[in-house]
Amino acid sequence: MDYISTRGSAPSLDFEGATLAGLASDGGLYLPAQWPRFSGEDFAAMRGLSYVETAVRVIAPFVGDSLSEDELRDLCTQAYGRFSHAAVTPLVQLDHRHWMLELFHGPTLAFKDVALQLLGLLFEKFLSNRDTHLTIVGATSGDTGSAAIDAVAGRAKIDIFMLHPAGRVSDVQRRQMTTVLAPNVHNIAIEGSFDDAQALVKRMFNDADFSSRFDLSAVNSINWARLVSQVVYYVYAAVRLGAPEKPVAFSVPTGNFGDVFAGHVAARLGLPIERLIVATNVNDILYRALSSGDYSQGTVTPTATPSMDIQVSSNFERLLFDVGGRDGRALAEQMKGFEATKAMQLTNAQREGAAHLFSSARIDENGMARAMRWAFDAADMVIDPHTAVGLGAALQTDLDPSVPVVTLATAHPAKFRDAVERATGVRPSLPGRVGDLFGREERYTTLPGTFDAVTSYVAAHAVPRHG
Ligand SMILES: *Cc1c(COP(=O)(O)O)cnc(C)c1O
């Protein structure tokens with residue numbers, strides 16, 4: 001399987017190369033040159049399969065020759081063996097129409113674990129035959145950081161530098177990162193927003209001098225291997241709700257557009273998805289882009305859903321490429337314009353291409369709290385604020401009522417205890433698997449959000465590239 005860049009001028013890579021590179025050298029994102037297709041029989045044959053076996057079937061065509069099927073199965077078995085629920089991502093019914101896909105049973109309590117537990121193992125596997133020391137740099141609005149750190153802490157040939165916006169992640173999120181004291185883990189609190197942190201990371205990749213000194217890689221959802229592991233749970237859930245015969249809709253609490261793009265990939269594979277609902281909070285660039293074609297960056301408003309407090313959604317570029325004619329050169333121009341003016345208009349092809357599958361809803365803090373209370377009253381379930389944004393959007397849908405609507409439950413409610421308590425009066429307790437989080441020592445460095453400050457720090461602590 002060949003991977004090409006959305007900006008048309010980086011060399012194409014195989015799965016191993018795309019995984020290790022993260023971002024393409026022309027600033028674009030990697031996508032398969034062609035989508036694999038699954039038949040109705042292929043999906044029907046997944047009906048009784050475990051999560052791990054489903055993962056092997058869904059991921060294998062994307063891996064190509066980079067891993068044997070047995071190697072892939074072995075990595076999936078290890079990654080998903082660390083989840084606390086035997087179904088890995090259980091599907092829970094809310095009422096006659098609404099379902100919840102619980103993605104938070106991994107070690108750090110958010111859906112990021114589904115992708116990152118596997119990515120950590122893929123890195124280790126691919127590095128074992130190379131003379132390379134990987135320097136992972138990433139930006140997190142909270143959940144990617146803890147999941148990535150858990151996935152790579154203590155692994156050989158990897159250092160991880162994780163930037164989070166100082167004071168803008170929850171105490172549980174911060175401690176899940178900063179209490180991991182493995183010497184290859186470097187936590188940096190940036191004075192600024194998540195978008196500032198993400199822009200710094202992108203600049204490190206695009207800076208020819210800096211990026212030539214280290215073997216940089218990414219764990220943000222710009223890394224293709226992350227997205228492909230998220231395709232699995234769309235298939236797993238849809239097959240349980242009647243695919244391939246019956247269509248399913250998904251409502252996805254969205255920030256960087258990674259999770260919902262995995263749903264788009266599932267649809268490209270042939271899974272009958274009736275609709276993907278992109279649920280945003282008041283940081284609504286995607287809502288505006290999908291409803292009126294206006295992709296323009298506003299200022300970030302902090303909310304009770306910090307993992308969605310984003311005004312530039314990196315993976316949206318993948319959708320614009322895939323539905324807008326797959327013209328890398330034109331997209332590179334369009335993105336350059338966006339980077340210069342912080343605004344762009346989608347082309348007609350992009351708007352129409354997206355409208356086949358996507359709709360969007362913007363759920364403000366009141367709507368979020370209402371959905372949280374609805375889940376509590378109607379189904380006796382305590383849900384996290386991000387999940388509540390997704391559910392709020394699902395409850396508003398105008399889809400035919402015969403289509404089941406699955407809201408992706410992206411975090412465990414205990415990760416955002418204060419917001420849950422404000423909305424429902426219930427304070428969820430942390431599950432036992434996180435252990436003594438509040439008794440442990442924290443270690444992190446606070447830096448101003450400037451390129452010089454961050455690159456000096458990374459350069460002083462990273463292992464330079466050989467030769
Ligand atoms: C990361 C995250 C999101 C947003 O997912 P994207 O893939 O960035 O769109 C939503 N909810 C939670 C809890 C998250 O951690």
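In each ligand, atom 1 is the first atom listed, and ligand 1 is the first ligand listed. As a basis for the values below, the full set of heavy atoms in this structure was taken, side chains included, without hydrogen atoms, waters or symmetry mates. Every value quoted in this text rests on a predicted model; they were computed, and no experiment measured them. Sequential numbering from 1 along the given sequence is applied to the chain's residues.
For ligand 1 and His386, the ligand atoms under 4.0 Å from any heavy atom of the residue are 11 (N), 12 (C), 13 (C). Interface of Ala411 with ligand 1, defined as ligand atoms under 4.0 Å from a residue heavy atom, comprises 13 (C). Listed by number with element, the atoms of ligand 1 under 4.0 angstrom from any heavy atom of Lys112 are 1 (C), 2 (C), 3 (C), 14 (C), 15 (O).
Here Phe104 and Phe111 keep their ring centres 6.0 angstrom or further from each other.
For atom 4 (C) of ligand 1, the closest non-hydrogen atom on the protein side is Gly255 N, 3.5 Å. Atom 10 (C) of ligand 1 has its closest protein heavy atom at Pro253 O, 3.5 Å.
Side chain of Asp113 to backbone of Thr108: a donor-acceptor contact under 3.5 angstrom is found.
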Would you be so kind as to tabulate the donor-acceptor pairs closer than 3.5 Å made by side chains of residues 264-276, with sequence neighbours excluded?
{"unit_1": "His264", "atom_1": "NE2", "unit_2": "Asp322", "atom_2": "OD2", "d": "2.8"}
{"unit_1": "Arg268", "atom_1": "NE", "unit_2": "Asp322", "atom_2": "OD2", "d": "2.8"}
{"unit_1": "Arg268", "atom_1": "NH2", "unit_2": "Asp322", "atom_2": "O", "d": "3.4"}
{"unit_1": "Arg268", "atom_1": "NH2", "unit_2": "Asp322", "atom_2": "OD2", "d": "3.0"}

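With sequence neighbours left out, the side-chain contact (heavy atoms from CB on, under 4.5 Å) criterion links Ala33 to Asp2, Ile4.
Contact annotation for Phe111 and ligand 1: only side-chain heavy atoms (C-beta onward) come within less than 4.0 Å of the ligand. With a 4.0 Å heavy-atom cut-off, ligand 1 is reached by no atom of Lys415.
Below 30°, between 30° and 60°, or above 60°: for Trp224 and Phe62 the angle between ring planes is between 30° and 60°, a tilted geometry.
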